[in-house]
Protein chains: 2
Amino acid sequence: MSNIELLPMAEPDSSDVAPCCPPLTERPFTVEEAETAAPMFKALGDPVRLRLFSAVASHEGGEACVCDIADVGVSQPTVSHHLKKLREAGLLTSERRGTWVYYRVEPSVLAAMGRLLAPPHTS
Amino acid sequence: MSNIELLPMAEPDSSDVAPCCPPLTERPFTVEEAETAAPMFKALGDPVRLRLFSAVASHEGGEACVCDIADVGVSQPTVSHHLKKLREAGLLTSERRGTWVYYRVEPSVLAAMGRLLAPPHTS
DNA sequence: GCATTGGTTCGACGTATGTCAACATAGATG
DNA sequence: CATCTATGTTGACATACGTCGAACCAATGC
């Protein structure tokens, strides 16, 4: 049911993060809105990055070690490069724990992008 | 009132667009899924294109004349170039009616992209 | 300390991209 | 037909991007 809000909510802004822009269909984007939102789409606009992001997002707990997702057909420096791009776009965060580096998705960003693409009321 | 499908449908591949992929968080994308979905994100990954797309999508009836949306700060050939990119990505369709050319959004694509970004079940 | 494994950073290279000015095309209008 | 307006296309240019190998840091184990 609607037990989605029962989480401790450690980060107080984790529910309304990235109120960057209204749905694309609501009104024409301003220059600022476009320059804020476009980098997120751009980051997902490469097949390798999309696979890396999907691999992290679909992994247990939305978190994955680089070693678990690095098999995407390009060299390891290239994987690192793409993960950095995803980090810079705000879609992923990274953390080193001992030997390995773990990447996790920023759930609020996913929700915000989904809201951007919400279809208009097809009444 | 569901007369949306009464159009002649000149291009046969414009109707079944984008049952392309599951949500990004469901499982790691395959190479094919990534190469299908990435171009759509890529097309929205430029600020000018994002503004053009939003301008069309938010216009009355999801349709707009080029002359109504061309004021985005770049030259007219550049606008035309970006609209072509959005067309090639399957996000927009164009149609000439008399003097003006009208662009409209492909609603199914919007829905498909929104589904891609659906957040995981936080149960 | 030294070797090993995991991951990032650094150059370098070829290709793609965004942009414009100039030209071309399509309808409308005289 | 001539001309004007609205879009699209072409060619050129600077910049950004994706990719790799090599060099470099970070933790672990000998």
Side-chain angles (χ1 to χ4, degrees), chain A residues 29 31 34-56 59 63-105, chain B residues 10-11 29 31 34-56 59 63-105:
Chain A
F29 265 30
V31 179
E35 289 181 346
T36 302
M40 305 184 196
F41 288 107
K42 191 175 191 176
L44 295 180
D46 178 87
V48 174
R49 280 200 292 272
L50 197 52
R51 286 219 287 154
L52 288 171
F53 184 81
S54 175
V56 174
H59 211 261
E63 177 179 277
C65 166
V66 175
C67 55
D68 287 330
I69 61 175
D71 190 17
V72 287
V74 296
S75 70
Q76 209 223 355
T78 303
V79 169
S80 191
H81 166 74
H82 283 308
L83 287 173
K84 184 180 184 180
K85 282 287 187 73
L86 289 167
R87 238 188 305 129
E88 290 171 347
L91 298 177
L92 295 179
T93 59
S94 66
E95 179 193 2
R96 168 163 233 134
R97 286 206 296 273
T99 306
W100 293 281
V101 175
Y102 291 86
Y103 279 78
R104 65 164 53 223
V105 301
Chain B
E11 301 182 358
F29 264 30
V31 179
E35 289 182 347
T36 302
M40 305 184 196
F41 288 106
K42 191 174 189 175
L44 296 180
D46 179 89
V48 173
R49 279 199 294 270
L50 197 52
R51 286 219 285 155
L52 288 171
F53 183 80
S54 174
V56 174
H59 211 263
E63 176 180 278
C65 167
V66 177
C67 56
D68 286 330
I69 61 175
D71 188 16
V72 287
V74 295
S75 70
Q76 181 266 329
T78 303
V79 169
S80 190
H81 166 73
H82 283 308
L83 288 173
K84 184 179 184 180
K85 282 286 187 74
L86 288 167
R87 238 189 305 130
E88 290 171 346
L91 298 176
L92 295 179
T93 59
S94 65
E95 179 194 1
R96 167 162 234 133
R97 288 208 294 274
T99 306
W100 293 281
V101 176
Y102 292 86
Y103 280 77
R104 63 166 53 223
V105 302

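Residue numbers start from 1 in every chain, and the chains themselves are labelled A, B, ... in the order their sequence lines are given, proteins ahead of strands.
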(message) With heavy-atom distances below 4.5 Å as the criterion, would you say the side chains of A/Val101 and A/Leu83 are in contact?
(response) no
(message) In whole Å, I'd like the distance from the CG atom of A/Leu52 to the C1' atom of C/dG7.
(response) 14 Å
(request) On DNA chain D, reading 5' to 3', which nucleotide is the first and which the last to sit with an atom under 4.0 Å from a heavy atom of chain A, could you check? (result) D/dC17 to D/dT28
(message) Can you see if the side chain of A/Tyr103 gets near the phosphate of C/dT8 - specifically, an N or O under 4.0 Å from OP1 or OP2?
(response) yes
(message) Under the rule for side chain to side chain donor-acceptor pair (under 3.5 Å), what residues qualify as partners of B/His81, not counting sequence neighbours?
(response) none
(request) Could I get the full list of side chain to side chain donor-acceptor pair (under 3.5 Å) partners for B/Arg49, not counting sequence neighbours? (result) B/His82
(request) Look up atom CG in B/Leu52 and atom OH in B/Tyr103, then write down how far apart they are to the nearest 0.5 Å. (result) 9.5 Å
(request) State, with a plain yes or no, whether a side-chain heavy atom of B/Val105 is found less than 4.5 Å away from one of B/Leu91. (result) no
(request) Could you pull out all residues at least two apart from A/Pro39 that satisfy side-chain contact (heavy atoms from CB on, under 4.5 Å)? (result) none
(message) Show every side chain to side chain donor-acceptor pair (under 3.5 Å) that has at least one partner inside residues 68-78 of chain A, sequence neighbours left out.
(response) A/Ser75-A/Thr78
(request) To the nearest 0.5 angstrom, please state how far the SG atom of A/Cys65 sits from the CZ atom of A/Arg96. (result) 10.0 Å
(request) Please tell me if the side chains of A/Leu44 and A/Leu86 come closer than 4.5 Å, counting only heavy atoms from C-beta onward. (result) yes
(request) Can you sort out the partners of A/Ser80 under side chain to side chain donor-acceptor pair (under 3.5 Å), two or more places apart, ordered by chain and number? (result) none
(request) Sort and list the pairs that fulfil salt bridge (charged side-chain N to carboxylate O under 4.0 Å, His left out) and have at least one residue in residues 76-87 of chain B, not counting sequence neighbours. (result) none
(request) Keeping the roles fixed (side chain from A/Arg51, backbone from A/Val72), state whether a donor-acceptor pair exists under 3.5 Å. (result) yes
(message) Output the pairing pattern of DNA chain D as a dot-bracket string, 5' first, Watson-Crick or G-U wobble with both distances under 3.5 Å, | for cross-strand pairs, [ ] for crossing pairs.
(response) ||||||||||||||||||||||||||||||
(message) If the condition is side-chain contact (heavy atoms from CB on, under 4.5 Å), which residues does B/Glu63 pass it with, not counting sequence neighbours?
(response) B/Arg97, B/Tyr102, B/Arg104
Please tabulate the protein-to-nucleotide N/O contacts below 3.5 Å involving nucleotides 13-20 of chain C, giving atom names and distances.
unit_1 : atom_1 : unit_2  : atom_2 : d
C/dT17 : OP1    : B/Lys42 : NZ     : 2.8
C/dG18 : OP1    : B/Arg49 : NH1    : 3.3
C/dG18 : OP1    : B/Arg49 : NH2    : 2.8
C/dG18 : OP2    : B/Arg49 : NH1    : 3.1
C/dG18 : OP2    : B/Lys85 : NZ     : 3.0
C/dT19 : OP2    : B/His82 : NE2    : 2.4
C/dC20 : OP2    : B/Ser75 : N      : 2.8
C/dC20 : OP2    : B/Ser75 : OG     : 2.9
C/dC20 : OP2    : B/Thr78 : OG1    : 2.8

(request) Any chance you could list the contact pattern along nucleotides 24-30 of chain C? Use B for base contacts, S for sugar-phosphate-only contacts and - for none, protein heavy atoms under 4.0 Å, 5' to 3'. (result) ---SS--
